[in-house]
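First comes the structure, then the notes that go with it.
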There are 2 protein chains.
Amino acid sequence: MDGTVTETERDYLAGYDPREFPIVLTTVDSVLFTYHEDRLKVLLVQRANHPQAGRWALPGGYIDQDRDATLEDTAHRVLASKTGVVPPYIEQLGSFGGAGRDPRGWSVTIAYTALIPFQACLTHIESVTDTQWFDVARLNELELGFDHEAIIDAGRERFRQKALYSLVPAHALQEPFSLADLRRVHELLIGMTLSRKSFIRRVEESGALIETGDEAPSGRGRPSKLYRRSPHLDDYRFIRNIGK
Amino acid sequence: MDGTVTETERDYLAGYDPREFPIVLTTVDSVLFTYHEDRLKVLLVQRANHPQAGRWALPGGYIDQDRDATLEDTAHRVLASKTGVVPPYIEQLGSFGGAGRDPRGWSVTIAYTALIPFQACLTHIESVTDTQWFDVARLNELELGFDHEAIIDAGRERFRQKALYSLVPAHALQEPFSLADLRRVHELLIGMTLSRKSFIRRVEESGALIETGDEAPSGRGRPSKLYRRSPHLDDYRFIRNIGK
DNA sequence: ACAATAGTGTCTGTTAGACAGTATCGA
DNA sequence: TCGATACTGTCTAACAGACACTATTGT
């Protein structure tokens with residue numbers, strides 16, 4: 001008699017031991033961006049443990065099988081532990097895996113990418129030394145761990161696309177914010193200047209932002225109108241890209 | 001003396017054993033679409049082993065740590081084993097993970113989505129009984145394994161977007177093909193009819209397709225011009241979406 | 001000749017970009 | 001008043017959609 005012919009799924013699961021199979025090291029890393037003082041910044045953490053101890057790398061870690069019900073839970077938990085809050089915008093970026101990217105063996109990281117206002121986690125980040133914002137334009141001065149530079153590039157490219165056809169980058173700003181600031185975030189992401197008029201028209205047409213009615217003095221010059229995010233912000237897609 | 005203070009990365013790796021940590025079951029699954037007889041089809045495989053033995057599910061499997069250097073290698077290997085060839089278009093779709101999606105425990109699948117001409121794997125698929133094309137409009141009649149229905153939906157949505165701003169769906173057609181056929185593929189993906197004129201204009205403007213110079217009789221009526229894919233097809237993006 | 005299918009010519013509406021103009025602040 | 005910044009009015013170019021028209025086949 002061949003036992004496998006009549007084996008039930010219950011029997012199979014009772015005898016299943018994952019340690020009998022080759023093990024893939026699986027982690028979740030996040031690329032968190034913000035905007036501060038006319039610069040795009042990305043959050044990095046200095047690694048305390050081997051491998052790559054001492055290097056700056058993306059905030060990430062193992063899945064906690066008891067606490068995390070989904071991959072997004074892991075990303076939320078890790079980011080909250082580094083910033084004090086869950087970012088207002090997060091999406092899955094992609095997975096990066098291979099035999100050589102981690103010296104411990106075949107590994108996969110599921111990467112998320114997120115946006116947060118600089119002020120939302122200012123005090124939390126100032127209270128520690130191992131977590132810092134870095135100017136994304138100066139990452140070449142740093143030697144990052146693993147393949148995290150490539151993952152950050154993928155995150156930038158994702159938000160570059162979003163800046164072309166959505167107003168999602170508004171999540172990088174503290175409310176209320178001016179359209180001048182938001183346009184600047186888009187310009188940094190896209191890598192070119194944008195027409196004021198075109199940008200304002202899109203904001204009005206979309207309904208993805210709400211005018212608060214207040215104004216803010218901008219140093220010298222006419223004060224700017226202030227806006228906040230509408231609940232539909234994340235869903236709105238322009239059918240045509242901005243930018244010449 | 002505290003050994004960890006002076007421990008080198010080499011020492012750490014020598015003592016590293018992945019079995020000491022909680023194990024996440026990691027697999028790669030692919031959503032392969034094609035077009036045949038005015039229908040969108042997706043490739044499914046009937047599961048031979050537990051869990052979910054007997055159910056139809058996405059082609060997928062474990063990473064072969066000796067053969068696969070990257071995640072895409074795994075997707076290629078599995079798809080080639082089911083169709084006889086590597087599909088001409090494949091991209092990473094996203095990762096689906098959680099505590100409850102596989103009865104064996106916490107699991108992650110890295111999903112790819114791909115396109116192939118129906119004829120490219122016709123003979124290979126006809127030679128086996130456990131691998132079949134299914135009409136994507138009739139998947140509700142099937143009880144799929146795991147969360148694979150949700151993954152297929154994500155793949156459809158990905159290609160729905162691509163159909164709005166690219167000509168990537170041309171990979172689902174055998175060369176040479178007519179614009180009528182390609183437009184039909186786009187219409188099925190988008191879920192609405194498209195203007196002939198708009199579609200032809202985009203093809204001409206993009207340079208992503210090359211006219212072969214031949215024609216094909218289409219039953220009755222004027223014969224249609226035939227096209228093949230240009231090498232730039234995958235890169236081209238329209239700045240504006242098609243469709244009202 | 002006719003139906004059926006493929007492709008074209010041309011008009012219109014929409015919207016991005018350009019640019020000049022107006023509005024409102026500080027100095 | 002002047003410079004600086006924010007916002008608006010309006011023209012133009014580009015392009016999608018509509019639709020009528022021509023082209024080419026089988027019956």
Side-chain angles (χ1 to χ4, degrees), chain A residues 37-38 161 163-167 170 173 176-187 189-227 236-244, chain B residues 37-38 161 163-167 170 173 176-187 190-228 236-244:
Chain A
E37 290 178 343
D38 205 43
Q161 293 299 324
L164 290 172
Y165 61 75
S166 84
L167 294 172
L173 294 174
F177 50 83
S178 69
L179 291 195
D181 281 342
L182 180 55
R183 184 161 51 85
R184 188 72 192 121
V185 174
H186 279 248
E187 286 177 344
L189 287 168
I190 296 173
M192 61 184 292
T193 59
L194 298 175
S195 148
R196 272 201 308 276
K197 183 66 175 173
S198 299
F199 197 79
I200 289 179
R201 258 196 304 236
R202 291 174 85 107
V203 169
E204 287 172 352
E205 167 203 332
S206 69
L209 300 180
I210 298 167
E211 216 173 315
T212 65
D214 295 329
E215 295 184 343
S218 51
R220 39 177 187 277
R222 176 174 169 173
S224 43
K225 294 180 184 173
L226 293 176
Y227 293 79
Y236 197 87
R237 295 285 178 276
F238 298 97
I239 62 169
R240 179 165 169 180
N241 285 356
I242 203 174
K244 31 172 184 279
Chain B
E37 290 178 341
D38 204 43
Q161 293 299 325
L164 290 172
Y165 62 74
S166 84
L167 294 172
L173 294 174
F177 50 84
S178 71
L179 292 196
D181 281 342
L182 180 55
R183 184 162 50 85
R184 189 70 191 122
V185 173
H186 279 248
E187 287 176 343
I190 296 173
M192 62 184 291
T193 58
L194 298 174
S195 144
R196 271 199 311 275
K197 183 66 176 174
S198 299
F199 197 79
I200 289 179
R201 259 194 304 234
R202 292 174 85 108
V203 168
E204 286 172 352
E205 166 204 333
S206 69
L209 300 180
I210 297 167
E211 217 173 311
T212 65
D214 295 329
E215 294 184 343
S218 51
R220 37 178 188 276
R222 175 173 170 174
S224 44
K225 294 180 184 174
L226 293 175
Y227 293 80
R228 59 185 175 82
Y236 197 86
R237 295 282 178 280
F238 298 97
I239 62 169
R240 179 165 169 179
N241 285 356
I242 203 173
K244 32 172 181 276

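No experiment lies behind these values; they were computed from the predicted model shown. Every chain is numbered from 1, with letters handed out A, B, ... down the list of sequences.
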Could you state the CG-C1' distance from Leu164(B) to dG17(D), rounded to the nearest angstrom?
-> 15 Å
Measure from the side chain of Ser195(B), starting at C-beta and using heavy atoms only, and say which of dA4(D), dG9(C), dG17(D) lies closest.
-> dG17(D)
For Ile239(A) and dC15(D), what is the distance between atoms CD1 and C1' respectively, to the nearest whole Å?
-> 10 Å
Length of the CD-C1' vector between Glu204(A) and dG9(D), whole Å = 12 Å
Side chain of Pro223(B) only, please: which of dT25(D), dA4(D), dT8(C) is the nearest?
-> dT25(D)
Describe the nucleic acid contact of Pro217(A) in one word from base, sugar-phosphate, nothing, applying a heavy-atom distance below 4.0 Å.
-> nothing
The side chain of Arg202(B) lies closest to which of these nucleotides: dA23(C), dA16(D), dT22(D)?
-> dA16(D)
Which whole-number value in Å describes the distance from Arg196(B) CZ to dT8(C) P?
-> 11 Å
Just by modelled atom types, is the Leu226(B) backbone N or O under 3.5 Å from a matching donor or acceptor in the Thr212(B) side chain?
-> yes
Between dC7(D), dT10(C), dG17(C), which nucleotide gets closest to the side-chain atoms of Arg201(A)?
-> dG17(C)
Could you tell me whether the side chain of Glu187(B) and the main chain of Leu194(B) form a donor-acceptor pair under 3.5 Å?
-> yes
Name the closest nucleotide to the Lys225(A) side chain, picking from dC7(D), dG17(C), dA6(C).
-> dC7(D)
dT15(C) OP1/OP2 closer than 4.0 Å to side-chain N/O of Arg240(B) | no
Measure from CE on Met192(B) to C1' on dA16(D) and round the result to the nearest Å.
-> 11 Å
Checking dA4(D), dT5(D), dA23(D) against the side chain of Arg220(A) (C-beta onward), the nearest is dA4(D)
What's the closest nucleotide to the Ile200(B) side chain, out of dT24(D), dA16(C), dT8(C)?
-> dT8(C)
Side-chain (Ser206(A)) to main-chain (Val203(A)) donor-acceptor, under 3.5 angstrom | yes
Validate the cation-pi geometry between Arg202(A) and Phe238(A): distance from NZ or CZ to the six-membered ring centre under 6.0 Å, angle to the ring axis within 45°.
-> yes
Can you find a donor-acceptor N/O pair under 3.5 angstrom joining the side chain of Lys197(B) to the base of dG7(C)?
-> no
Rounded to the nearest 0.5 Å, how far does OG of Ser178(A) lie from CG of Asp214(A)?
-> 13.0 Å
Give a yes or no on whether a donor-acceptor pair under 3.5 Å exists between the nucleobase atoms of dG7(C), that is its base, and the side chain of Arg222(B).
-> no
In whole angstrom, what separates Phe199(B)'s CZ from dT5(C)'s C1'?
-> 17 Å
Quick one: is dG17(D) close enough that its OP1 or OP2 comes under 4.0 Å of any side-chain N or O from Ser198(B)?
-> yes
So, for Tyr236(A) and Glu205(A), which heavy atoms are closest and what is the spacing to 0.1 Å?
-> OH-OE2, 3.4 Å
To the nearest Å, give me how far apart CG (Asp214(A)) and C1' (dA6(D)) are.
-> 16 Å
Length of the CD-C1' vector between Glu211(A) and dT8(D), whole Å | 13 Å
Note: for Glu205(B) and Gly219(B) on DNA chain D, the residue whose nearest nucleotide lies more 5' is Glu205(B)
